[in-house]
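Read through the structure below, which is laid out as structure tokens, and then see the notes.
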Amino acid sequence: MPELPEVETLRQDLAKEVVGKIVKSVSVTNGRSVRRHPSAKHFRGLLEGRTIKSVGRLGKYLLLTLDSKDTLVIHLGMSGQLLRVKSAKEPKPKHTHVVIVFTQGGELRYVDPRTFGEMFVSSPLSDAPAANGASLPVGMATGDGAALRRQVPELAHLGFDPIEDMMSWDRFGVLLRRHRAGLKSLLMDQEFVSGIGNLYSDEILFSAGLRYDRTSDGLSATEVRRLYRAMVETLTEAIKHRGSTLVDEQYRDLFGEAGDYQGSHQVYDRENAPCRRCRNPIVRAKVGGRSTFYCEHCQV
DNA sequence: CAAAATTCCTGACTGC
DNA sequence: TGCAGTCAGGAATTTT
């Protein structure tokens, strides 16, 4: 399941591959993947003839800004893939639901077996001139994320982006104290911080040396700092490795290549394997229906 | 057959 | 008592 590092890898690839391209035609073969539109035709109409100006990211969402000021928003859900191919002749994988053809040649394909992902074109709020920063939830008015959030009203509820929106430890501490949630639940809460899912929340907590069930308002100043550092460093490191492609998962970059970070996982999917730090077996627990992996010795 | 995990939704529960 | 916030549980989904 693509999380922030995988989506960021895709963003970087897309920035190189599709910026400046003009959409010649769009075909939608599974309506479930195109949501929030009255019809697939409506969606196509907003896309065809448009030029892609830039590619951004907010949490797990990809944002392709068009020359019309609209934004093509893409969320990969659990099994979504975005593939760039040179020729329409290349065989289409099963579950290819949307194809965007470029006038310059080549096409972008959206493949998603489980159809938990979605795509839609968003229009910025009619005007809503600046100064509405005050209406944004606390902790969000920083970084480029603020501009993107304004550009896509549907995503205004997303929490800060740990890579785009830097903040001080003090500020992070304040945000943590505002909630009284278990650390893992909070890290996965997209309205608190966006982009972290099941895999990276476990890796971040191991790196921080904190248990998943510690309460967010009970951390010492040192622990707050460790958590913040672990969050930024783990995600940054994973991006450098172009994300994680798990044995059973289908994450691939724009060119169909696998990521490289899975080899660096400390706890995720390593039940009973020896902890890389202390050699004690990694434990598996269940949190909110999700498998949670941690080291009882290293995480306190 | 169960497990995997995303977002959204609902209902139960908790602390103030 | 009420309110806001947390979180468990279920749905939609397909492949292993």
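Just so it is clear: chains get the letters A, B, ... in the order the sequence lines come, proteins before strands, and each one is counted from 1.
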Open item on the list: Within the 4.0 Å limit for protein heavy atoms, which parts of nucleotides 7-14 of chain C are touched? Write it as a string from 5' to 3', B for base, S for sugar-phosphate only, - for none.
Closed with: SS---BBB

Open item on the list: In whole Å, I'd like the distance from the CG atom of A:L175 to the P atom of C:dG5.
Closed with: 14 Å

Open item on the list: Rounding to an integer number of Å, can you tell me how far A:N198 CG sits from B:dT7 C1'?
Closed with: 14 Å

Open item on the list: Any base atoms under 4.0 Å from A:K286, or only sugar-phosphate, or nothing? Heavy atoms, all strands.
Closed with: sugar-phosphate

Open item on the list: Can you confirm if the NZ or CZ of A:R277 lies within 45° of the ring axis of A:F206 and under 6.0 Å from the centre of its six-membered ring?
Closed with: yes

Open item on the list: Assess, by modelled atom type and distance only, whether the side chains of A:Q151 and A:T65 contain a donor and an acceptor separated by less than 3.5 Å.
Closed with: yes

TODO: Only pairs at least two apart or in different chains count here, so list each salt bridge (charged side-chain N to carboxylate O under 4.0 Å, His left out) that has a residue in residues 115-125 of chain A.
DONE: A:R36-A:E118

Task: Atom-to-atom span, CG of A:D269 to C1' of C:dT16 - whole angstrom - done: 14 Å

Task: Neighbour count >12 (heavy atoms, 6.0 Å) for atom NZ, A:K24 - done: no

Open item on the list: In the structure I gave you, are the side-chain heavy atoms of A:I204 and A:L210 within less than 4.5 Å of one another anywhere?
Closed with: no

- [ ] Measure from CG on A:L76 to C1' on B:dT7 and round the result to the nearest Å.
- [x] 13 Å

Open item on the list: Rounded to whole Å, please give me the gap between CG in A:D202 and C1' in B:dA4.
Closed with: 14 Å

- [ ] Would you indicate, yes or no, if B:dA5 has its OP1 or OP2 atom less than 4.0 angstrom from a side-chain nitrogen or oxygen of A:K60?
- [x] no

TODO: May I have the distance from A:R178 (atom CZ) to C:dT6 (atom P), rounded to whole angstrom?
DONE: 12 Å

Open item on the list: Between C1' on B:dC8 and OH on A:Y61, what's the gap in Å once rounded to a whole number?
Closed with: 10 Å

Task: Under 4.0 angstrom between A:H179 side-chain N/O and C:dG5 OP1 or OP2 - done: no

- [ ] Output the distance between atom CD (A:E107) and atom OG (A:S87), rounded to the nearest 0.5 Å.
- [x] 7.5 Å

Task: Spacing of A:L155 atom CG relative to B:dC8 atom C1', expressed in whole Å - done: 14 Å

TODO: Examine B:dA5: is either OP1 or OP2 under 4.0 Å from a nitrogen or oxygen in the side chain of A:Y268? Give yes or no.
DONE: yes

Task: Geometric class of the A:H37/A:F43 ring pair [parallel <30°, tilted 30-60°, perpendicular >60°] - done: perpendicular

